[in-house]
Amino acid sequence: MVQSHVSCRWTTPQHRWDANCRPTLTGVNFGGPAPPTLAGRFPGAAGPRHAPGRRLVDSRCRAGCPGASKGGHPTMANVVRTRIAPSPTGDPHVGTAYVALFNYAWAKKNGGQFILRIEDTDRERSNRTSERMIFESLRWLGLSWDEGPDVGGPFGPYRQSERFAIYRDHAEQLVARGAAYPCFCTRERLEGLREEQRRQKVAHALGYDGHCRALAPAEAARRRAAGEPHVIRLAMPREGETAVADLLRGEIRIDNRLVDDQVLLKSDGFPTYHLANVVDDHLMGITHVIRAEEWISSLPKHAQLYRAFGWEEPVFCHLPLLRNADKSKISKRKNPVSLNFYRRAGYLPEAMLNYLALMGWAISADREEFSLPEFIASFEIEDITLGGPVFDVEKLTWMNGKYIRALAVPDLLAKLRADILSDDHLTRVLALAHERVEKLEDFVEYARFFFVGEIEYDAEARVKLVGKKRTAAETAEALSRLLEERLDPLLDWEAARLEAEMRAFAEAAGWKSGDLFMPVRIAVTGKAATPPLFETMEVLGRELCRRRLRRAVETLRSMNADPGRGPAPEGV
RNA sequence: GGCCCUGUCGUCUAACGGUUAGGACACCGGCCCUUCAAGCCGGCAGCACGGGUUCGAUUCCCGUCAGGGCCGCCA
């Protein structure tokens, strides 16, 4: 294995380099004991964090380093390049914004570049609507990227689905040098294997058993040539351990025997995250991989990949995971996680960013309100706190109030005009309300539900919220399933699509469509008399409809199950 | 279950060997005010536990416990 002595061209934490501008951590170790430098380098878990006299830029590495002009990436020197690499599946996630913010800040602080890369290697789940929403959300927040799918850049394309040849070639390189191998195991075999392992509780040997690794190269080549379906797997070292430096956590080392042979190239020729991510980070000159903690466990695989390619590793920094109130990883079941939700509800991007920056970082002991430029100016990556922060919507909301109150009235007006009271939205609402009012002032009352967040149900609405000849519980169940199975996955929120989904659902669920639509109507508008349901839902928008439907489910569940009579008087 | 990460008020955090452990959200009082909100003042509340190291540990080390993450041809 080639031990590449990396260049010191990047601004990196001082602890990572010794006096000779060599990395103090090799990151990889094929068997045998760790290099002696490892032991003394990180005396404890908190070692690197409080290194005295740490500086942002290690000036010793600026010039005259042995490797400064060779190896590594050919194009840039002394530049920090970070990236956010979201997968375009579903709604734009608050966790993406969180990680993007820290990447953005670090790049900007160092005069570097922040890159957006779309990781759409999952054919099943990736889609363009989701990608577009990611663009819009990050732009809304003000986290603009220097290079990305829509703005281009010198290292494109920035969409992984457009980089197939690159991954295939790199996978082949690894196969050629024996660092990866084709695997012909069927999904059935793998499932059986997993099942067996689970049953026998061979916990330490979970994962792929290396069955095809034993194949003779010639034999494997013959089967590939014959067109037999296969994947390409990384040949992990079988012994020793892999040690990788994490900027915040010090050295992380994992026994290689505990890491199985990860799939690099799927049978459809698409790369997995592991391959694509490493290849792209290298090719795009990413210097600092700042990502969520959930990736720590695949660090050794990534390190081995860099190693197998003979590439220099970037600096790794794993951010803590945002949490639900119960401390589990933040999830949509327990928290609003869609950036669209916050945007529609009227959270200001400045407040969101400010709040997010507080998750694991503090500007000083007695201040917590600051702007993005102020954040960038004071941000020290090593000051990030590691405990998993609970994402507290209540405090976010308080902070948002601070920002709203700080706005001059004309600015507040402008915000309203840009969104909730935009001409575009008003026009769409008017089109529906138009023929249903007789005086202009009626409009405000009639169209109220198009503008407010929460709606209340009056007595009539409460009765009709329950489906005809159904119990509250049954209706709750139906609406809940409608949401989960049809509406949550529906990214293109158009009347025709809504109608199709809802009719199909009614049929599948054994509901008369009309009997289902009234509870839905009540749920999203609070009224029994409204403009046509699907058009109304389209104009209300995806966020508002889903939020209200969730609320309706809660309301229904809190009603006494009382068939035929509707809700009990005191329910909710 | 295995491996890994983490551990200061309920929540977000400050503290980088010596502090009455500070600030913020939430909560509870009070002031202000026609009301509400905001604002201001005050209160409640925390170093997970046990061993070391040290003259001295919230702080450094070890262990225990607890929480979390990962264990996919998803990222």
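Here is how names work: the chains are called A, B, and so on, in the same order as the sequence lines, proteins then strands, and each is numbered from 1. Since we're looking at a predicted model, the values are computed, not measured.
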Taking the side chain of [X] as its heavy atoms from C-beta onward, which of [options] lies nearest to it?
| X | options | value |
| --- | --- | --- |
| Leu321(A) | A75(B), G69(B), C12(B) | G69(B) |
| Ile296(A) | G72(B), C4(B), U11(B) | C4(B) |
| Arg125(A) | U11(B), C74(B), G69(B) | C74(B) |
| Ser297(A) | C3(B), C70(B), C25(B) | C70(B) |
| Ala362(A) | U11(B), A14(B), U6(B) | A14(B) |
| Arg405(A) | G39(B), C12(B), C5(B) | G39(B) |
| Asp366(A) | G23(B), C5(B), C12(B) | G23(B) |

With heavy atoms under 4.0 Å as the rule, sort [X] into base, sugar-phosphate or nothing.
| X | result |
| --- | --- |
| Gly360(A) | sugar-phosphate |
| Met399(A) | nothing |
| Glu368(A) | base |
| Ser328(A) | sugar-phosphate |
| Pro88(A) | nothing |
| Val231(A) | base |

From [atom1] of [X] over to [atom2] of [N], roughly how many Å is that when rounded to an integer?
| X | N | atom1 | atom2 | value |
| --- | --- | --- | --- | --- |
| Leu396(A) | U13(B) | CG | C1' | 16 Å |
| His274(A) | C70(B) | NE2 | C1' | 10 Å |
| Glu294(A) | G67(B) | CD | P | 21 Å |
| Gln262(A) | C3(B) | CD | P | 20 Å |
| Trp361(A) | U13(B) | CH2 | P | 12 Å |
| Trp398(A) | U11(B) | CH2 | P | 18 Å |
| Arg367(A) | A15(B) | CZ | P | 15 Å |
| Phe270(A) | G72(B) | CZ | P | 22 Å |

[atom1] spacing across the pair [N] / [M], given as an integer number of angstrom:
| N | M | atom1 | value |
| --- | --- | --- | --- |
| A37(B) | C32(B) | C1' | 13 Å |
| G68(B) | C61(B) | C1' | 24 Å |
| U64(B) | A26(B) | P | 40 Å |
| G22(B) | A75(B) | P | 48 Å |
| C74(B) | C70(B) | C1' | 13 Å |
| G67(B) | U58(B) | P | 25 Å |
| C47(B) | A15(B) | C1' | 11 Å |

Short N-O contact, Asp268(A) and Lys266(A), less than 4.0 angstrom: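 Between Lys266(A) and Asp268(A) there is no salt bridge, as every charged N stays at least 4.0 Å from the carboxylate O atoms.
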Can you tell whether the side chains of Lys301(A) and Asp260(A) come within less than 4.0 Å, N to carboxylate O?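 Salt bridge flag = yes for Asp260(A) with Lys301(A).
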Reference residue Asp91(A); test salt bridge (charged side-chain N to carboxylate O under 4.0 Å, His left out); the match among Arg546(A), Arg132(A), Arg343(A):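 Of all the options given, the one that passes is Arg546(A).
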Is [X] close enough to [N] that one of its side-chain N or O atoms is under 4.0 Å from OP1 or OP2 there?
| X | N | answer |
| --- | --- | --- |
| Lys266(A) | A75(B) | yes |
| Lys329(A) | C70(B) | yes |
| Lys402(A) | G39(B) | yes |
| Arg249(A) | G7(B) | no |
| Arg323(A) | G69(B) | no |
| Thr385(A) | A14(B) | yes |
| Thr121(A) | A75(B) | yes |

Given 3.5 Å as the limit, does a donor-acceptor pair link the side chain of [X] with the main chain of [Y], or not?
| X | Y | result |
| --- | --- | --- |
| Ser161(A) | Asp120(A) | no |
| Arg213(A) | Met236(A) | yes |
| Tyr158(A) | Val151(A) | no |

Got a donor-acceptor pair under 3.5 Å from the side chain of Lys395(A) to the base of A26(B)?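 Side chain to base: no pair below 3.5 Å.
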Using a distance-only criterion (donor-acceptor N/O pair, under 3.5 Å, no hydrogens), is the base of C74(B) paired with the side chain of Ser87(A)?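 Such a pair does not exist between side chain and base.
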Could you let me know what [N] is paired to, Watson-Crick or G-U wobble, both distances under 3.5 Å, or none if it's on its own?
| N | answer |
| --- | --- |
| G2(B) | C70(B) |
| C44(B) | none |
| G63(B) | C49(B) |
| A26(B) | none |
| A14(B) | none |
| C32(B) | none |
| U19(B) | none |

Using salt bridge (Lys or Arg N to Asp or Glu O under 4.0 Å), reason through Arg117(A) and Asp281(A) one step at a time and then give a plain yes or no. CA-CA 10 Å; Arg117(A) 184 174 70 224; Asp281(A) 281 344; 2.9 Å; yes
Roughly how far, to the nearest 0.5 Å, is CG of Asp150(A) from CD1 of Ile134(A)?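 The CD1 atom of Ile134(A) sits 11.5 Å away from the CG atom of Asp150(A).
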Identify, with sequence neighbours excluded, every residue that meets side chain to side chain contact (heavy atoms under 4.5 Å, CB included) alongside Ala357(A).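 Applying side chain to side chain contact (heavy atoms under 4.5 Å, CB included) to Ala357(A) gives Leu101(A), Phe370(A), Phe375(A).
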Glu394(A) or Gly387(A): which one's nearest nucleotide on RNA chain B is closer to the 5' end?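 It is Gly387(A), whose closest nucleotide lies nearer the 5' terminus.
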